[in-house]
2 protein chains.
Amino acid sequence: MSSKLFVSAQEVAERAGVSRSAVSRTFTPGASVSADTRKRVLEAADALGYHVNHLARGLMRNESGIVCLIVSDVATPYRSALLRELTIQLQNVGKVAMFVNTDRSDGSVDRALQQAIRYRADASIILSGLPDKSITQLCLRSGQRLVLINRDDDQPGPLKINLDDYESGGRIAMAFARAGCRTLAFANSEAGTPSLMGRERGFVAAAAKLGLEVVVERYGSTGYEAGKVLAQRMLTRADRPDAVFCATDLLACGFMDAARHQFGMSIPDQLCIAGFDDIEQASWSSFDLTTFAQPVVTMATKAVQWLVGTGDGEEAGEAHSVRLKAELVWRGSIRGG
Amino acid sequence: MSSKLFVSAQEVAERAGVSRSAVSRTFTPGASVSADTRKRVLEAADALGYHVNHLARGLMRNESGIVCLIVSDVATPYRSALLRELTIQLQNVGKVAMFVNTDRSDGSVDRALQQAIRYRADASIILSGLPDKSITQLCLRSGQRLVLINRDDDQPGPLKINLDDYESGGRIAMAFARAGCRTLAFANSEAGTPSLMGRERGFVAAAAKLGLEVVVERYGSTGYEAGKVLAQRMLTRADRPDAVFCATDLLACGFMDAARHQFGMSIPDQLCIAGFDDIEQASWSSFDLTTFAQPVVTMATKAVQWLVGTGDGEEAGEAHSVRLKAELVWRGSIRGG
DNA sequence: GCTCCGTTTGCACGCGTTTGCAAAGTATTG
DNA sequence: CAATACTTTGCAAACGCGTGCAAACGGAGC
């Protein structure tokens, strides 16, 4: 390790001929410094390449400026899009994102939150997994804010952001009915998260109300490959469906590819299909997939606003839960429209 | 803000009936603590929910454990895949990733590095943009390590990880020739980064050597939409190419979709096509794209190893540059094979 | 019992900040 | 000119931790 480390406020103070407090105040918005000293300090700082040590500042202020993002499956289109929006908005309010990947084991969400605590993160945003109640409590007790996105939990402390999954399932079932489809299907993964199951239940319920037959298959993860397998299972059934709602756009892409290239089906003539997320690929002309758009920017906005909020009405039991509507993006994978 | 903050080592010490140093040593690997005190400390820490304050620890040790990832276009398949691998490997060596998104302005790479300095990051990995030489120097002088991935720079301090872009261009030109293609094309973006230009130059040079005509078009970014536009331009030319190498898989996907759905061409019969990156979508059966795979895991491994390395031979001028081979993944978008 | 040696423990200082407090300085007013 | 109000500045005390140093401890060997 090199002997010469980072330059400290002390050195800047000496060079500028002022006290250490002066340089500190120079870099503290709203502090009382004369224009003259400020200028001298800034010159000295620039010449020496000084930058405030946010570790020390966080120590003093009890506010690190760090927000921890806890994510798995980062490489997935929907996740990375949400991630992108979150980091941008966090930066806009002067926070910095710390990234914890929970791809490995599943109990690691708890370990991730411990990491957040160790670095005294001001807040944590959880995009996957569900933390143990005790860890959640520890975070809240420590003054750390928590946001759960698309994890339908009932813990009272964190802000919970969810979509109207159930209603979306209903809406798409009606769209299928309007397109003249007779036997509906829902292609789900085995993950069984509340969002996925909400879409399934809403879809099945609406189909029943419409008097339509509906079959459900669940397999694997929420990815492309699982979609292919689901297609193979469903399209070889005796009661082959003529409309399928996939719990995820990736599933839908896999399903479409298998339906076309392995079963030679034409979409939407022989098979109507819909997805959920509105990932970029859904708009590609190979797929042209009708799907529900996750309101990524709104979700990020809500999360960030809550994080930097003054905490008014925190104990007033104010709504710690936000339900957003997933907009239906109509494309060519369903007849009519 | 809640009055009760994080629990400190002091409180743990009092509860365990030991000195504060004892609890510090308990959480410092290799320090001298008796089994008895360690046990008492751990119990107290667990009961109180104590976690070492890494901000303060970083202050003492001059080593924050933070590695800064500077990225733009996070939502892009290749970028998010690399990101995923980097975060996983960083976590494996006990580092934590700090994320800086430079999507907004382009001079913001410098601001991103300043952020890294403020948080006293042990190192920064730059996946996009190119920092100003003065900032780079400041980082290095401060003992911070730097990695540039696929940014072909000549600054002496940082580790530079690059691919054999030029050679890849040559290899694919030969593959086209072997497939019996007569007029080649290269579809590039206007970004003009060294990697993209390297592929282009290698391709053009090899085509010339093979005595084949080659046309080059550049347009927009490296995304899907740009690929569609490039296809429209190229496939309406008088000398319509029968083979195209796209600088990026996303470009290739857009190109393929336009060629098929707007021009009714069949691939690979009427048009051979290849890409670069081997994003997940390249393997989807809608595309089945022959492409070069970015050795993502190797890249991440090299980067992380260098970051945690002891710095041996740091001034010995040891190779600060790594060139990796992009493996050709053969699929169905080129005839023969 | 005494010495010697190795292990464990506490004290106190330092890391780079922020910030309350009081002193000093400057401007305003009567 | 004196009195007052306001601004600027330095001092020193935190923040939570690691660690060198010396004291205390414990056991082995004589």
Side-chain angles (χ1 to χ4, degrees), chain A residues 1 3-42 44-45 48-66 117-122 142-143, chain B residues 1 3-42 44-45 48-66 117-122 142-143:
Chain A
M1 180 142 308
S3 53
K4 184 59 188 159
L5 274 311
F6 292 88
V7 24
S8 76
Q10 179 74 299
E11 312 178 41
V12 178
E14 284 164 10
R15 175 164 180 136
V18 297
S19 80
R20 224 185 33 254
S21 336
V23 18
S24 174
R25 282 189 247 262
T26 301
F27 291 101
T28 303
S32 165
V33 205
S34 74
D36 179 49
T37 35
R38 143 164 270 123
K39 179 162 162 284
R40 297 232 307 276
V41 167
L42 285 179
L48 266 47
Y50 169 76
H51 289 266
V52 178
N53 187 334
H54 272 52
L55 270 52
R57 167 176 284 187
L59 201 54
M60 270 302 300
R61 292 207 183 148
N62 267 326
E63 183 176 351
S64 60
I66 298 175
I117 292 181
R118 284 198 280 270
Y119 279 96
R120 299 305 189 255
D122 298 337
S142 307
Chain B
M1 182 141 308
S3 51
K4 184 58 188 160
L5 273 313
F6 292 88
V7 23
S8 76
Q10 178 73 312
E11 312 178 39
V12 178
E14 285 166 9
R15 173 162 180 138
V18 298
S19 80
R20 208 175 41 73
S21 334
V23 20
S24 177
R25 281 188 246 264
T26 300
F27 291 100
T28 303
S32 165
V33 205
S34 73
D36 179 48
T37 34
R38 142 166 271 122
K39 179 161 163 285
R40 297 232 306 275
V41 167
L42 286 180
L48 264 47
Y50 168 77
H51 289 266
V52 178
N53 187 333
H54 271 52
L55 271 51
R57 168 177 283 186
L59 203 52
M60 269 300 302
R61 291 206 183 148
N62 268 324
E63 182 177 352
S64 60
I66 296 176
I117 292 181
R118 282 198 281 269
Y119 278 96
R120 298 305 190 254
D122 298 338
S142 306

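Residue numbers start from 1 in every chain, and the chains themselves are labelled A, B, ... in the order their sequence lines are given, proteins ahead of strands.
- Phosphate contact (OP1/OP2 of D:dG10, side-chain N/O of A:S19, threshold under 4.0 Å): present.
- A:H51 comes within 4.0 angstrom of the backbone, heavy atoms only, and of no base.
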Would you give me the side-chain donor-acceptor pairs under 3.5 Å for residues 27-34 of chain B, sequence neighbours excluded?
| residue | atom | partner | partner atom | Å |
| --- | --- | --- | --- | --- |
| B:T28 | OG1 | B:S24 | O | 2.8 |
| B:S34 | OG | B:T37 | N | 3.3 |
| B:S34 | OG | B:T37 | OG1 | 2.6 |

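- Partners of A:R57 according to the side chain to side chain donor-acceptor pair (under 3.5 Å) rule, which considers only residues two or more places apart in sequence or in another chain, do not exist here.
- Bending across the helix from C:dG1-D:dC30 to C:dG30-D:dC1, expressed as the angle between its end axes from five pairs apiece, amounts to 40° (10° rounding).
- To the nearest angstrom, C1' of C:dC15 lies 8 Å from CG of B:N62.
- Identified under the salt bridge (charged side-chain N to carboxylate O under 4.0 Å, His left out) test for residues 12-24 of chain A, with sequence neighbours left out: none.
- Panel note: side chain B:R118, backbone A:H51; no donor-acceptor pair is recorded below 3.5 Å.
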Stepwise side chain to side chain contact (heavy atoms under 4.5 Å, CB included) check, A:V52 with A:Y50: CA-CA 7 Å; A:V52 178; A:Y50 169 76; 3.9 Å; yes
Using a cutoff of under 3.5 Å, can you pull out all pairs of nitrogen or oxygen atoms linking the protein to nucleotides 4-8 of chain C, with atom names and distances?
| residue | atom | partner | partner atom | Å |
| --- | --- | --- | --- | --- |
| C:dT8 | OP2 | B:S32 | OG | 3.3 |

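- The separation between A:H54 atom NE2 and C:dC15 atom C1' is 17 Å, rounded to whole Å.
- Where B:A22 and B:R120 meet DNA chain C, the nucleotide closest to each residue was compared, and B:A22 sits on the side nearer the 5' end.
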Protein-to-nucleotide contact annotation, 5' to 3' order, nucleotides 18-27 of chain D [B base; S sugar-phosphate only; - none; under 4.0 Å, heavy atom]: BBB-------
